[in-house]
Structures are given as C-alpha cells and as structure tokens.
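All remarks here apply to the structure that follows.
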Amino acid sequence: MMRQSTITTTPLDPRPETPVSSWRRLLAQSWMGALVAAVALWLLAGWVTGSLSLSFVLANATIAGFLTLAGIAQMTVIASGPGNFDLSLPYVITFGAYVMSAGFLGQGNVLGSLALTLMAGALAGALNALLIVRLRIPAIVATLASGYIIYSLIVAIQSGGFSRVGGLFEATLRMRIAGLSGALAITLLTLVLVAIVLSRTIFGLQLHAMGQNGEVARLAGVRRGWLILGTFVLSGVLGAWLGALLATYQGGVSADLGRSYLLGSVAAVVVGGTRITGGVTSVFGTALGALVLTLAQSDLILLQLSIGAQYVIQGLIVLGTVCLVAARSSNNR
C-alpha cells in the first residue's frame, strides 16, 4: 500500500508588520528626500518673512502643478528606456498654447479648441514615435528634430490673431476656494488619471517592463513599436494640455512659453527620486520634485539673490539629488 505524502506550507513572513518596520519602509521611499526638502524650504520662507503661511505653499503649488505636468510627460518617456528624453516637449507646450488661443474653430468654442489642442499634441507624439520606430533614430535626436518642425509651425501661425480663452474654463482655473486654485485642482485630477494609467493598466505594466529590460519584455510579448507610440502620444497630449492650461490661466501666449519646462521637467523627475535609467515612475515623487524646485526659486527671490546665483543654487540642488540617488542605488545592490 502506497503511503500518501503530505506537503505543508508556511507563510514567507508570518510576523505582523510592526510600527518600526512601517516607518522604515516609509523612510525608504524614493520621494522622502523631496518631501523633507519641501518642508525645509517652507520653514525657510517662514523664517525670512517672519510668518509661516499655508497660502505661500498653495500659491507655489499652483505653479508647481504646471511644472509637474511637464515632469510626468518627461517621466513617461524616461521610463521607456535608458537615454530616452523628449526634447520636443517645450515646443509642444508652446504650440498647444497657440492652438488653444487661436480659435481656429471659432472664438468662444473652448471645447473645440481644447480637442484640437490635444489632437495636435497626439500628432506631435506620433511623429516622434514614427522617427524612433520606423527610421530607428535615437529618441533624443528624433525629438529634437520634431521640435524644430513644431517650432516652424509656431512661427507660421504666431502672426495670426490670438485672444483670451475666457469663458467658464478660464473662470474655473482662476477661482480659489480656501486658497486652493482651480488650476491646481484640475492639475491634481490629471495627475490621478495618469497615475492610474501607469499603475493599473496593461500599458503601464508593459512600459515599466520595457524600461527595465527591453529584450526580456520583447520575449514576453511586449510590442515595442506600439508601446513607444503610446508613450510619446501620452507625452504629447500632456504637453499640449499644459499649453492649453497656461494659455488660459495666464491670459496670453508667447513664443518662449515652454522654454523653461525642458530642463525643469527633467529636474522635477530627478529631484522627485525617480531614476533616469528607465523602468520606474512616480507621479507623487515628480510632483514633490516640482514643488521643491518652485519653493527653492521663491525662497531665493525672498533672499534677494541675483538671477545667476539662483541658477547656480538650483543646479546644485539637482546635482546633489542625483549624487544622493546614485549613492543610494549603489548601497542597495
């Protein structure tokens, strides 16, 4: 008679999570440094002005929200693989602002202008993907080339008539409830939607897989061409959406509207603790990174430092963050 064997299983870690282990896991988050820096900069502003004001944070958060949108657009491209950056982003932002303000579908047709703006951003992203996938041009070169093409379109249309967007859309962005602006509320809603796309959809899972190891992802059935298309279309749509928000909130457009968002978008990703080697995204971390950069600039203005000194200190903040992230990564190996 054959003896029946039994197999017993035990949980990997039967011990319940203690408060100490919870704190350690929280402190190990990549964005924790940005959070500490943001609080420190807020305290510094309170020391300089003589009062610790929550309205100061909310005012800077509105500006940081715009930078965050550029940051997450850049972040999705960075996550797709090492060395991938979207250099066309500032041109897409500016072009989106011009399309939103031009009223091609009639003045006062805000929904039509917004739809046309987002479509223009999607087409810009598709152009980037076409150059990268079909012509096998590196992402940096391809996006730089498409950026010049988009800039040519900006020059071609900027001589036309432009007007304030106005209407309910502008009123919504400018309204404030308990210090919270409508622009910040809409930005937060956008961030939540992007976070869901990146963390809860097949596209997001495949994006992270391709960024971590492209060859393994290909063997697992990930179609790189379609994923690159989706990545750059998402970046283009976010850039155009940011341009529409800026044109409406500021009440005007200019040819250099998106210029500051190129380096700023990369800096927000880095300061937020997201590694630039690909495969990792953090919407919350990028938002904190944007807030740190915005608060730092406000503090430097309060300290009455020169423009040159402001750029040097901001560069040191980014450089210091990169060094800390690199040192932390080497210690975790």
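Just so it is clear, the values below take in all heavy atoms, side chains as well, and ignore hydrogens, waters and symmetry mates. Predicted model only: the values in this text are computed from it and were never measured.
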Tell me if a side-chain donor or acceptor on Q158 pairs with a main-chain N or O of A255 at a distance below 3.5 Å. no
Are I78 and T274 close enough, and set up right, to give a side-chain contact (heavy atoms from CB on, under 4.5 Å), and what steps lead you there? CA-CA 10 Å; I78 293 174; T274 301; 5.9 Å; no
Measure from the side-chain N and O atoms of Q314 to the backbone N and O of L293, and report whether any donor-acceptor pair falls under 3.5 Å. no
What is the distance from atom CG of L207 to atom OG of S80, rounded to the nearest 0.5 Å? 6.5 Å
Does any donor atom in the side chain of T94 or D256 lie under 3.5 Å from an acceptor atom in the other side chain? no
Can you see whether S55 engages S53 through a side-chain donor-acceptor pair at a distance of less than 3.5 angstrom? yes
Could you state the interatomic distance from OG1 (T281) to NE2 (H208), rounded to the nearest 0.5 Å? 2.5 Å
Could you state the interatomic distance from CD1 (I63) to CG (L58), rounded to the nearest 0.5 Å? 12.0 Å
State yes or no: do Y148 and I157 share one hydrophobic cluster built from I, L, V, M, F, W and Y residues joined by side-chain heavy-atom distances below 4.5 Å, directly or via other members? yes
W241 and T190: CA distance, side-chain angles, deciding distance, side chain to side chain donor-acceptor pair (under 3.5 Å) verdict: CA-CA 10 Å; W241 172 237; T190 305; 3.2 Å; yes
Answer yes or no: is there a side-chain heavy-atom contact under 4.5 Å between L245 and F169? yes
Within the structure provided, determine whether L191 and L69 are in side-chain contact (heavy-atom separation under 4.5 Å). yes
Do side-chain atoms of T143 reach the backbone of A139 as a donor and acceptor pair under 3.5 angstrom? yes
In the structure I gave you, are the side-chain heavy atoms of L288 and L35 within less than 4.5 Å of one another anywhere? yes
Would you tell me whether T62 and S181 have side-chain atoms, one donor and one acceptor, within less than 3.5 Å of each other? yes
If you measure from OG1 on T286 to CD1 on I72, what distance do you get to the nearest 0.5 Å? 7.5 Å
Donor-acceptor pair, distance only, cut-off 3.5 Å: does the side chain of Q74 make one with the backbone of V266? no
Derivation and outcome, side-chain contact (heavy atoms from CB on, under 4.5 Å), residues F203 and L234: CA-CA 11 Å; F203 166 77; L234 177 58; 4.2 Å; yes
Should V141 and I150 be counted in the same cluster of Ile, Leu, Val, Met, Phe, Trp and Tyr side chains packed under 4.5 Å apart? no
Can a donor-acceptor pair be found, under 3.5 Å and without considering hydrogens, that links the side chain of R174 to the backbone of Y249? yes
To the nearest 0.5 angstrom, please state how far the CD1 atom of I313 sits from the CG atom of L303. 8.0 Å
Taking atom CD of E215 as the centre, report whether more than 12 heavy atoms of other residues, nucleotides or ligands fall under 6.0 Å from it. yes
Apply the test ring pair (Phe, Tyr, Trp, His ring centres under 6.0 Å) to residues F66 and Y261: give CA-CA distance (whole Å), side-chain angles for both, the deciding distance (0.1 Å), then the verdict. CA-CA 9 Å; F66 295 136; Y261 289 98; 7.8 Å; no
Main-chain N/O of G179 paired with R176 side-chain donor or acceptor, under 3.5 Å: yes
I need the R164 CZ to Q250 CD distance, nearest 0.5 Å. 10.5 Å
Would you say T231's side chain and L227's backbone share a donor-acceptor pair under 3.5 angstrom? yes
Taking the inter-plane angle between the rings of Y91 and Y151 on a 0 to 90° scale, is it parallel (under 30°), tilted (30 to 60°) or perpendicular (over 60°)? perpendicular
Do N60 and T294 have side-chain N/O donor and acceptor atoms under 3.5 Å apart? no
